[in-house]
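Okay, structure first, notes after.
First listed ligand is number 1; within each ligand, the first listed atom is number 1. What you see is a predicted model, and the numbers here were worked out from it, not measured in a lab.
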Amino acid sequence: MAVSVIAKAITASLLVTTGLTLPHDSLRGESIRHRDSQDLVQPVYQSLPLGAIKPRGWFKDQLQLEAAGLAGNLYDFYRFVHDSMWIGGSTEYSVLHESSPYWFNGVVSLAFGLDDTRLQGQVYDYMDYVLDHQQDDGWLGPETTPESRGLWARCYFLLGLMQYAQADPSQEERIVDSMHKYIQLAHSMLKDNFTGLIQKEGQDFDGDGFGAMRAHEMHIPLQWLYEKHPRNNSQIIWETMELMIEGGAQANSDWRKYWVKGVYPEVTYTPRDQPYDELFNHGVNMAEGLRYPLAIYRMTHDEALRTQTRTAVDLLAQYHKSLAGTIIGDEFVTDLNPIRGAELCTAAEMTFSMAYIYQYLGDNDLADWAEQVAFNAVPGSIFPDWWSHQYVQQENQPWSRNLTESPGMWVNVGSQGNVFGLEPNYPCCTVNHPQAYPKFLANAFTLTEDGGIAHVHLIPGSVTTSLGNNKVTIQADTNYPFGMNLQYTINSDSDFTFYVRIPGWADQSSTINVGGKTSQISPSDKGLQKVELGKGSSSVSVTLETEPRVVTRANNTAAVYYGPLLYSLYIDSKVSEVTPIAFDGSAMPLSSTTGHTHDHVIEPTSIWNVAIDTSQIKMVHADASTLSNPIWDLGAPPVELRVAAVEIDWPLEYDTAADPPLEPKITGKPFSARFVPFGSAKIHMAHLPVVELAKVDLET
Ligand SMILES: *[C@@H]1O[C@H](CO)[C@@H](O)[C@H](O)[C@H]1NC(C)=O
Ligand SMILES: *[C@@H]1O[C@H](CO)[C@@H](O)[C@H](O)[C@H]1NC(C)=O
Ligand SMILES: *[C@@H]1O[C@H](CO)[C@@H](O)[C@H](O)[C@H]1NC(C)=O
Ligand SMILES: *[C@@H]1O[C@H](CO)[C@@H](O)[C@H](O)[C@H]1NC(C)=O
């Protein structure tokens with residue numbers, strides 16, 4: 001997430017001297033116009049407080065694996081968390097000091113989403129230390145000098161605090177006290193020529209300018225504070241948010257100037273020689289920057305910013321979205337090129353961004369996109385037991401190992417980037433991946449404008465909440481996305497309106513059953529199926545119907561989906577455990593490992609080099625009454641496809657599969673190939689050349 005120290009190719013000076021020139025001069029001194037009444041725009045769909053939504057079924061299993069895996073153990077052994085300066089230690093991976101705040105933000109949502117008392121103890125101890133050591137001037141964190149104090153890492157600490165206060169009211173007052181004290185200081189620093197946001201000569205907290213690029217990340221916790229606990233500080237909170245944006249603009253980091261057609265880097269599927277090496281084009285920044293226009297929109301009520309958010313997601317979708325739903329960028333956006341890869345942090349941030357943006361825009365495709373990332377890109381980069389992860393995921397990735405010829409391919413990623421490990425490259429993904437699934441859960445149900453509740457991310461889970469005096473409990477049982485049936489058991493004290501989100505790919509022949517009566521679905525243009533329920537106990541079920549979908553890309557290539565799942569060729573493999581290597585290529589300090597931490601090398605033992613005939617695809621469902629756990633493991637999901645395929649010559653480049661061959665040379669006989677969910681296949685081929693083949697028996 002930060003510019004890697006391994007690949008020193010991109011230096012701070014290079015970053016500011018290359019890339020696009022933006023019309024930022026016009027922004028100097030620009031601030032957010034005050035409105036007469038400083039109220040914040042409300043989302044179309046309100047999220048519920050952390051803890052109101054509980055996981056069930058397969059999703060709960062995976063969160064438990066996450067808690068038992070890396071995420072839930074980093075606090076006990078991992079040097080950048082266990083020995084973080086934030087809690088009296090001395091080990092940080094960069095001057096940003098962001099590692100333990102990232103961990104805190106993700107593990108707070110995991111601990112309270114899962115009701116895991118062990119993890120609640122970890123985040124309590126961490127928070128207790130940091131709040132206890134808040135400095136007299138209000139500073140939160142270990143830095144004591146102006147030269148070392150950057151605001152950025154505090155954005156994620158505050159985001160964690162906000163969630164903590166929602167989930168555990170016993171800590172609310174202490175958290176709010178501390179946030180107010182901090183805001184007074186942050187406000188005075190920002191007033192003083194943006195101290196802490198823009199690094200000045202002689203300072204060393206953020207040489208690359210990541211904090212300014214992410215200035216809006218302070219807005220979610222501050223807007224919460226402003227609405228729920230303003231005390232007498234409304235004006236200071238408001239101005240702090242304005243100053244963050246103003247300072248960011250002054251540091252040439254105004255995303256309003258970037259999410260513009262003609263400015264946003266457009267590439268078609270053509271390999272580029274040069275990366276877009278400017279911080280706007282950094283995959284993780286871009287995933288976070290999607291939330292920027294809304295951060296300001298909430299304050300200014302300027303509809304153009306809401307519209308610009310739609311423009312932003314459309315531009316991203318058209319030019320840089322991976323088949324698995326994340327942003328192709330290594331670490332800077334490159335192309336729609338299946339070998340370049342996408343950073344796991346980007347997928348984690350995209351999961352949250354799409355959930356958040358959906359709540360303001362209400363467009364159905366955005367929730368589909370959130371599911372696409374959560375069911376494909378995220379699990380595709382995490383080992384089934386949640387103990388190791390990749391730094392970058394390639395859509396076409398025939399093996400996971402040190403790519404000894406990778407220099408030249410990846411812009412700012414080390415040769416170990418696609419290894420499943422403890423910190424196979426930059427450690428940000430080790431500490432920032434934990435947020436993806438718990439935040440996906442926390443946004444799985446939302447309140448609707450008419451006082452109802454919608455099931456948005458169709459994972460199994462339950463919600464208990466009060467709508468005014470009406471206590472409502474909804475339990476969703478489903479194997480989705482491995483099955484297409486959703487069963488709801490609902491209890492309410494009075495009548496209320498329930499909604500099920502119908503994914504954009506679902507056929508009109510999908511059905512809903514309410515109280516024993518089945519009918520065809522009839523969703524609104526926003527994709528919500530409305531169900532009016534009387535008080536007492538109700539039961540509702542939805543069965544989604546769909547067919548395999550082929551998405552074509554340039555030069556006669558394609559990918560195959562069924563429902564929200566991307567499919568990839570099943571490749572047999574040999575997995576070896578090797579000793580973890582530290583991100584800078586040195587030996588991993590033993591104290592920063594446990595008996596569970598291994599790096600994994602995966603080599604294929606069956607063919608990976610195929611072309612497919614997309615006119616011959618068949619769905620295969622196994623009995624899915626109980627799902628395997630872990631589910632994101634090769635062969636575990638009960639859904640597969642059979643696709644007519646043929647072996648082809650597929651050249652190598654940079655020690656990995658080259659781009660899909662333009663004129664595939666067929667070397668074998670057509671056969672029925674097994675295709676499995678991408679998230680379950682740690683090595684995979686998903687972006688394939690299309691050929692016409694003789695009829696293949698797909699029953700075999
Ligand atoms: C404010 O900071 C900028 C660098 O960010 C510097 O060029 C400028 O001189 C500073 N202004 C004052 C008044 O200190
Ligand atoms: C707000 O300020 C008033 C007057 O200074 C004071 O009496 C009151 O306690 C303050 N309220 C809060 C919540 O701090
Ligand atoms: C796709 O084909 C065009 C020519 O039609 C070519 O310029 C481009 O490089 C090709 N892209 C890839 C990825 O091979
Ligand atoms: C990985 O490959 C690079 C060459 O790209 C080499 O310098 C490095 O030593 C290799 N690392 C390991 C652990 O084999």
Evaluation steps, salt bridge (charged side-chain N to carboxylate O under 4.0 Å, His left out), between R214 and E349 = CA-CA 12 Å; R214 300 166 176 182; E349 295 291 347; over 6 Å; no
query = Do any non-hydrogen protein atoms sit less than 4.0 Å from atom 5 (O) of ligand 1?
reply = yes
ask   = Against heavy atoms of I198, which atoms of ligand 1 measure under 4.0 Å?
value = 5 (O)
note = Ranked by distance from atom 14 (O) of ligand 4, the top protein heavy atom is N402 ND2, 3.3 Å
request  = Run the numbers for me: atoms of ligand 4, each under 4.0 Å from some heavy atom of Q416, listed by number.
outcome  = 11 (N), 12 (C), 13 (C)
ask   = Less than 6.0 Å separating the ring centroids of W86 and F157?
value = yes
Parallel, tilted or perpendicular: ring planes of Y264 versus W259, cut at 30 and 60 degrees = parallel
Whether H596 and W387 hold their rings parallel, tilted or perpendicular, with breakpoints at 30° and 60° = parallel
inquiry  = Could you tell me if the side chain of I245 sits less than 4.5 Å from the side chain of H219, heavy atoms only?
reply    = yes
message = Any nitrogen or oxygen of T404, side chain or backbone, less than 3.5 Å from one on ligand 4?
response = yes
key: Nearest protein heavy atom with distance in Å, relative to atom 12 (C) of ligand 1   = N193 ND2, 3.2 Å
message = List ligand 4 atoms under 4.0 Å from I581, heavy atoms only on the residue side.
response = 13 (C)
query = Given the protein's heavy atoms, is any one of them under 4.0 Å from atom 9 (O) of ligand 4?
reply = no
message = If the cut-off is 4.0 Å to any non-hydrogen atom of S415, which atoms of ligand 4 fall inside it?
response = 1 (C), 2 (O), 3 (C)
inquiry  = Angle between ring planes, Y75 versus W103, binned at 30° and 60°: parallel, tilted or perpendicular?
reply    = parallel
key: Side-chain heavy atoms of H282 within contact of F210, under 4.5 Å   = yes
ask   = What part of K200 sits under 4.0 Å from ligand 1 if we count only heavy atoms: the side chain, the backbone, both or neither?
value = side chain
